[in-house]
Structures are given as C-alpha cells and as structure tokens.
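This chain uses plain numbering: 1 for the first residue, then up along the sequence.
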Amino acid sequence: SHSLMLGIVKIGFTIRNPDERAVELTHSVNIPGEFKVEYFKKVKNPYILEQRIFNILNDYKTGGEYFRVSAEQARAIINEQYEELKKITE
C-alpha cells in the first residue's frame, strides 16, 4: 500500500526482498509518502498465483498492478488462491 493511495493496494510478485522492492517503488513514483509491504507469501508458482489473483480482482483494477481493495481483502484472496493452486499443483 502507499500512504497517499488510501483504499488501493499494489499486488505483485518479486524475486527480491519485498521490503527492498517497496523502497524501490517509493523512489520511482516521485510523490510524497512511501510504499509499505502489507503482506507477503513465499510461493512455488508466483506468476500463476499472481494471474489468478489479477483475474479475480479485474473489476477493481485501477491500473497496472493496483487494485481498489483493502489490504485485508487482498490478503484473503491471496491465501484463498494459494490454497486452490496448491490443490492443483501438488
């Protein structure tokens, strides 16, 4: 999330440290405030999981990887889709 984008979260995967990625995003947007990691989960198939989440949240997309949902809603969908993907891939 970003301190100036209330009610919007960025959802995406990185192969790097999530906190370092948040700092990188903060420096790249040229607006006051900073990005904060609300939640992260280490998974085997990050791209597949990300695409499943993006499909579910498509109606809430504000652009790129940004969605008008709360951090709690995003966390619930991430965990739900993670469990569904585990059933398929394991």
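Other residues, nucleotides and ligands place more than 12 heavy atoms under 6.0 Å from the CD atom of E38. Crowding of F54 atom CZ: a count of heavy atoms from other residues, nucleotides or ligands under 6.0 Å exceeding 12. Other residues, nucleotides and ligands place more than 12 heavy atoms under 6.0 Å from the NZ atom of K41.
The distance from atom CG of N79 to atom CZ of R75, rounded to the nearest 0.5 Å, is 8.0 Å. Between the OG1 atom in T14 and the CD atom in E20 there is a gap of 9.0 Å [rounded to 0.5 Å]. Note that CD1 of I78 and CG of L85 are 13.0 Å apart. Values are rounded to the nearest 0.5 Å. Expressed to the nearest 0.5 Å, how far CD1 of I53 lies from CD of E50 amounts to 7.5 Å. Interatomic distance, M5 CE to R68 CZ, rounded to the nearest 0.5 Å: 11.0 Å.
Below 30°, between 30° and 60°, or above 60°: for Y47 and F13 the angle between ring planes is above 60°, a perpendicular geometry. Relative orientation of the H2 and F35 rings is perpendicular, given thresholds of 30° and 60° on the angle between their planes.
Of all heavy-atom pairs between A74 and V69, the closest is CB-CG2, 4.2 Å. In terms of heavy atoms, G33 sits closest to S3 at CA-OG, 3.3 Å. For the pair S70 and V9, the tightest heavy-atom approach, listed with the atom from each and the gap, is C-CG1, 4.2 Å. Nearest heavy atoms, V37 versus P18: CG2-O, 3.4 Å.
Looking only at side-chain heavy atoms (C-beta outward), L4 and P32 come within less than 4.5 Å of each other. Inter-residue side-chain proximity for E24 and R16 is flagged as met; some heavy-atom pair is nearer than 4.5 Å. In this structure, K61 and Y66 have side chains that are not in contact, with every pair of non-hydrogen atoms separated by 4.5 Å or more. Residues R52 and I88 meet the side-chain proximity criterion, which asks for heavy atoms closer than 4.5 Å.
At least one cation-pi condition fails for K10 and F67: the charged atom is not both under 6.0 angstrom from the six-membered ring centre and inside a 45 degree cone around its axis.
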Does the side chain to side chain contact (heavy atoms under 4.5 Å, CB included) test come out yes or no for I11 and E65, once each step is laid out? CA-CA 6 Å; I11 300 173; E65 297 180 335; 5.6 Å; no

V23 and D19: CA distance, side-chain angles, deciding distance, side chain to side chain contact (heavy atoms under 4.5 Å, CB included) verdict: CA-CA 6 Å; V23 170; D19 291 317; 5.9 Å; no

Run K44 and K86 through side chain to side chain contact (heavy atoms under 4.5 Å, CB included) and show every step you take. CA-CA 9 Å; K44 289 182 182 180; K86 261 183 25 178; over 6 Å; no

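N45 contributes no side-chain N or O that, together with a main-chain N or O of I48, makes up a donor-acceptor pair within less than 3.5 Å.
When the ring pair (Phe, Tyr, Trp, His ring centres under 6.0 Å) test is applied to F40, no partner is found at least two apart in sequence or on another chain.
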